[in-house]
Each structure stands twice: as structure tokens, then as C-alpha cells.
Amino acid sequence: MVRRTRNIRHAAVLAATVLLSAGLTPAAFAAGAPSTPGPDAAELSGFWTAARMTAARPGDTGPGDTGQDESMAARTTEPTVDGPRPGEVIPPSKSFDGIPQAGTFFWTDASGTGRTCSGAVVRSPGHNLVLSAGHCLKGYSGSSPKRHLAFVPQYHDGLTPFGIFPVQDNGVYVSQQYYDKGEHAGAAYDFGFAVTEANQDGQRLEDAADGVELLTGSGYAHAPVRMIGYPGGAQKPLECLSKTTKWASDDSADPGTFERIACAGFVGGTSGGPMLVARPGGWGVIGVIGGYHTGGNTPQVSYSAYFGPATQALYKAATTGAPPAGPTS
């Protein structure tokens with residue numbers, strides 16, 4: 001496996017500058033200090049070979065096909081009430097080698113089949129947090145059986161440029177409202193976080209791959225927006241430049257208001273992929289593919305749950321080590 005090295009001295013100076021500007025003390029930084037590589041990182045590095053990763057199938061492709069507790073709506077089915085508007089121009093997408101801050105989860109379902117879903121590294125005090133869709137992560141709450149769950153930033157062509165990062169036990173955070181309401185009635189809560197362990201080199205995720213800023217309460221309309229996702233079965237991610245607008249649900253089964261974005265080719269596997277806007281010094285994330293119809297019934301139009309107080313509360317829980325929510329039955 002190939003990993004990229006970084007200039008440690010430069011990273012240390014940059015980290016110190018950020019800490020001082022944020023008012024954090026050296027003790028606060030030490031609390032999130034990297035751990036030595038654990039057995040999970042070594043095991044997953046050996047398990048997720050290039051062959052296994054390239055053979056993995058999307059984890060968001062429909063009833064009975066995910067190993068999750070509930071079926072997920074297919075992103076390639078015929079549209080019902082969502083999809084392109086008459087005469088709407090759909091911006092094209094293209095495959096590329098990706099960016100360090102975006103990547104894909106790998107896990108095995110109950111049958112042992114490899115699965116994938118997209119995600120993004122978000123900045124956090126512990127330097128160890130991934131943002132994705134709730135419907136990608138909800139099957140891993142509490143004492144769910146071990147499924148080789150790991151995150152690979154900038155995965156492409158069977159390569160792991162920054163290593164493989166195991167997800168901590170009880171490290172998956174999805175809103176209680178999403179568990180209670182389900183993926184359709186709870187579509188407005190379709191986001192989640194995963195807390196990772198160090199990779200096989202002892203690096204924390206954000207230290208290895210950098211991160212994006214979580215933006216909440218930023219409104220629905222943004223342009224330009226860079227959307228990235230990992231189509232199931234493809235060896236490279238997709239990217240597309242478009243804009244988001246406000247979408248008020250016209251489907252009573254999936255109530256709420258969502259961000260809507262038109263981009264061609266975002267099929268199964270791209271759920272959880274970030275919607276990014278440029279920020280000083282990097283990227284901010286305003287949404288992830290999910291929400292209305294678990295991201296949309298067509299590959300031309302995608303959606304995101306709106307990032308507001310509920311998203312901020314879930315981020316706080318994930319970054320403070322609060323007990324994660326889970327199914328009530």
C-alpha cells in the first residue's frame with residue numbers, strides 16, 4: 001500500500017499557529033495526541049487488500065442488499081417526485097484521483113460482501129472525525145457485529161495514499177431522531193459522524209489527510225459547490241461543480257426542507273459524499289449526499305439534509321465522547 005509523507009516540522013508550526021489563533025492550550029492539543037498503532041489498524045490493513053477494495057459494492061443500493069437493519073432506497077431507480085426538471089441543464093461529472101479530505105468507508109455485510117459509502121474528514125479537536133450520511137452509518141451503533149469498518153481517505157485505484165483508519169468501537173454517531181423516525185420520516189436527520197483510530201503508522205486521520213470545516217446554519221443556496229462521491233464499483237471518485245438550492249419536500253413520506261444539487265452520474269456508493277464550498281485556507285462542507293429519498297431517486301439530482309442545530313449537537317456529542325445514540329428496540 002502507498003502512503004504519502006508530510007513535512008512534520010511544517011505541520012507542527014501550522015498546528016501551533018492554529019491552536020494559538022483558536023485560543024487552545026498545549027494541554028488541549030495533548031488531549032488529542034495520536035496513539036500508537038493498534039491491532040485493529042494492522043488487521044484492517046491486512047484485510048482490505050487492493051483486490052477486496054476493488055471488488056466492494058455500494059452500500060446504499062436498495063432493499064436487502066446492504067446488510068443494514070433497514071432497506072435503503074436505490075439511487076438508480078425510476079424517479080417518483082424528484083429528479084431533473086423539464087429542460088434543466090445537468091452539470092457533468094468527471095472521475096479523478098480525489099482529494100485527501102474525501103474518501104470512502106469499507107465494511108463487510110452480514111454475508112461477508114465488501115461494501116462502500118462516501119465520507120469526508122471534518123476538522124475536530126481529536127483530529128479523528130469523518131462525516132457521512134446517517135443511512136450509511138446507522139447499522140453500526142452500540143454492539144453491532146464487527147464488520148471490518150474502516151475509512152480510507154483519497155482512495156483510488158486500489159491505493160490507500162494515507163493508510164486505513166479503523167472506526168472506534170461505539171464510535172458511530174447518528175441522531176436519535178433518525179433511529180426513531182427511520183430513514184424516510186427522519187430524512188432531515190440523515191447525517192452522521194464516525195470517530196476513527198490511528199492508522200497503521202500511528203497517525204491520526206486529520207494529521208494525515210487534513211480536514212474540511214463543518215458549516216452549519218449557512219443557508220440553502222450556495223455556488224459554486226464541489227460535490228465528490230465514490231460510485232460503487234468504480235476505482236476513482238467523481239467530482240462535479242454545480243450549485244445548491246432549497247428543496248421543500250413534496251413527498252409526505254420524506255418530510256422536510258433539503259439542499260438540492262444537479263450533477264450527473266452520482267449513483268449508488270456516492271451517498272455520504274460531501275458538498276464543498278471554498279473557504280479561506282481550504283474547504284467547508286455544507287451537506288452530504290442523503291436526506292430526501294436517501295439522496296435522490298435519480299443519478300442526475302442529489303439532496304442533503306440541512307445542517308443546522310441538530311448537526312451541531314451531533315458533532316458536539318462525537319467530539320466530546322458522549323454516549324452515542326442507537327435503536328430503541
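Residue numbers start at 1 and run along the sequence shown. Because the structure is predicted, anything quoted here is derived from the model rather than measured.
Here the CD-OG1 distance, from Q200 to T160, works out to 6.0 Å after rounding to the nearest 0.5 Å. Between atom OG of residue S93 and atom CD1 of residue I228 there is a gap of 12.0 Å, rounded to the nearest 0.5 Å. One finds the NZ atom of K138 at 5.0 Å from the CD atom of E183 (value rounded to the nearest 0.5 Å). Here the CD1 atom belonging to I164 is positioned 7.0 Å from the CG atom belonging to L44, to the nearest 0.5 angstrom. Atom CD1 of residue I286 and atom CG of residue L214 lie 11.5 Å apart, to the nearest 0.5 angstrom. Note that SG of C263 is 7.5 Å distant from CG of L241, once rounded to the nearest 0.5 Å.
Minimum heavy-atom separation, P153 to G163: CD-O, 3.8 Å. Across all their heavy atoms, P237 and P231 have their closest contact at CA-CD, 4.3 Å. Nearest heavy atom pair, residue A102 against residue P274, reads CB-CG, 4.3 Å. The heavy-atom pair separating F162 from N199 by the smallest distance is O-ND2, 2.9 Å. Across every non-hydrogen atom of T298 and P84, the tightest pair is OG1-CD, 3.9 Å. Minimum interatomic distance between G186 and Y178 (heavy atoms only, all atoms of both residues): O-CD1, 3.1 Å.
Within the 3.5 Å criterion, the main-chain N or O of A262 finds no donor-acceptor partner in the side chain of Q300. A distance-only check finds a donor-acceptor pair linking the side chain of S304 to the backbone of V288 [under 3.5 Å]. The main-chain N or O of D210 is never found under 3.5 Å from a side-chain atom of Q101 such that the two would form a donor-acceptor pair. Judged by distance alone, the side chain of D190 and the main-chain N or O of G134 form a donor-acceptor pair under 3.5 Å. T116 places no side-chain N or O within 3.5 Å of a backbone atom of G232 that could act as its donor or acceptor partner. Without hydrogens or angle criteria, E206 side chain to S124 main chain gives a donor-acceptor distance under 3.5 Å. No donor-acceptor pair under 3.5 Å is formed between the side chain of S45 and the backbone N or O of A41.
Counting heavy atoms from C-beta outward, S271 and H135 have side chains that approach closer than 4.5 Å. Between D251 and H293, some side-chain heavy-atom pair lies under the 4.5 Å cut-off. The shortest side-chain heavy-atom distance between I261 and H222 does not fall under the 4.5 Å cut-off. Contact check for T328 versus D180: side-chain heavy atoms found under the 4.5 Å cut-off. A heavy-atom distance below 4.5 Å is not found between the side chains of V121 and L129. Counting heavy atoms from C-beta outward, V122 and L131 have side chains that approach closer than 4.5 Å. Side-chain atoms of T257 and K246, non-hydrogen and from C-beta on, do get closer than 4.5 Å to each other. For the pair M227/S302, a side-chain contact is recorded, criterion being any heavy-atom separation below 4.5 Å from C-beta on.
Applying the salt bridge (charged side-chain N to carboxylate O under 4.0 Å, His left out) test to every pair with at least one member in residues 276-300, sequence neighbours left out, gives these pairs: E213-R279. For residues 236-245, the side chain to side chain donor-acceptor pair (under 3.5 Å) pairs, not counting sequence neighbours, are D97-K236, D157-K236, R226-E239. For residues 310-325, the set of pairs meeting the side chain to side chain donor-acceptor pair (under 3.5 Å) definition, not counting sequence neighbours, comprises T216-Q312. The salt bridge (charged side-chain N to carboxylate O under 4.0 Å, His left out) analysis of residues 116-131, with sequence neighbours excluded, yields no pairs.
Qualifying side chain to side chain contact (heavy atoms under 4.5 Å, CB included) partners for A264, counting only residues two or more places apart in sequence or in other chains: I90. Remark: Y230 engages no residue in a ring-ring contact (aromatic ring centres under 6.0 Å, His included) (not counting sequence neighbours). For D254, the side chain to side chain donor-acceptor pair (under 3.5 Å) criterion is met by H184, not counting sequence neighbours. Remark: F47 engages H148 in a ring-ring contact (aromatic ring centres under 6.0 Å, His included) (not counting sequence neighbours). Residues meeting the ring-ring contact (aromatic ring centres under 6.0 Å, His included) test with F165, sequence neighbours left out: none. With sequence neighbours excluded, the residues that form a side chain to side chain contact (heavy atoms under 4.5 Å, CB included) with S111 are D109, T113. Scanning for ring-ring contact (aromatic ring centres under 6.0 Å, His included) contacts around F105 gives F151, with sequence neighbours left out.
Applying the under-4.5 Å side-chain rule to Ile, Leu, Val, Met, Phe, Trp and Tyr, the cluster around Y306 extends to Y220.
In this pair, F106 and W48 present their aromatic rings tilted. The plane angle is within the 30 to 60° band.
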(Q) Test ring-ring contact (aromatic ring centres under 6.0 Å, His included) on Y173 and F193; report intermediate values, then the result. (A) CA-CA 5 Å; Y173 288 81; F193 298 95; 8.1 Å; no

Steps toward ring-ring contact (aromatic ring centres under 6.0 Å, His included) verdict (Y303, F258): CA-CA 6 Å; Y303 302 86; F258 305 88; 7.1 Å; no

_Assess the residue pair T196 and V130 against the criterion (side chain to side chain contact (heavy atoms under 4.5 Å, CB included)); give the C-alpha distance rounded to whole Å, side-chain angles, the decisive distance to 0.1 Å, and a yes or no._
CA-CA 8 Å; T196 63; V130 185; 3.8 Å; yes

ask   = side chain to side chain donor-acceptor pair (under 3.5 Å) between Y189 and Q176: does it pass, once the steps are laid out?
value = CA-CA 9 Å; Y189 300 94; Q176 189 64 58; over 6 Å; no

| task | Let me see the working for Q203 and D207 under side chain to side chain donor-acceptor pair (under 3.5 Å), right down to the final yes or no. | result | CA-CA 7 Å; Q203 292 177 298; D207 294 338; over 6 Å; no

Review point. Hey, mind stepping through W283 and V277 against side chain to side chain contact (heavy atoms under 4.5 Å, CB included) and telling me if it holds?
Key: CA-CA 6 Å; W283 296 101; V277 294; 5.8 Å; no

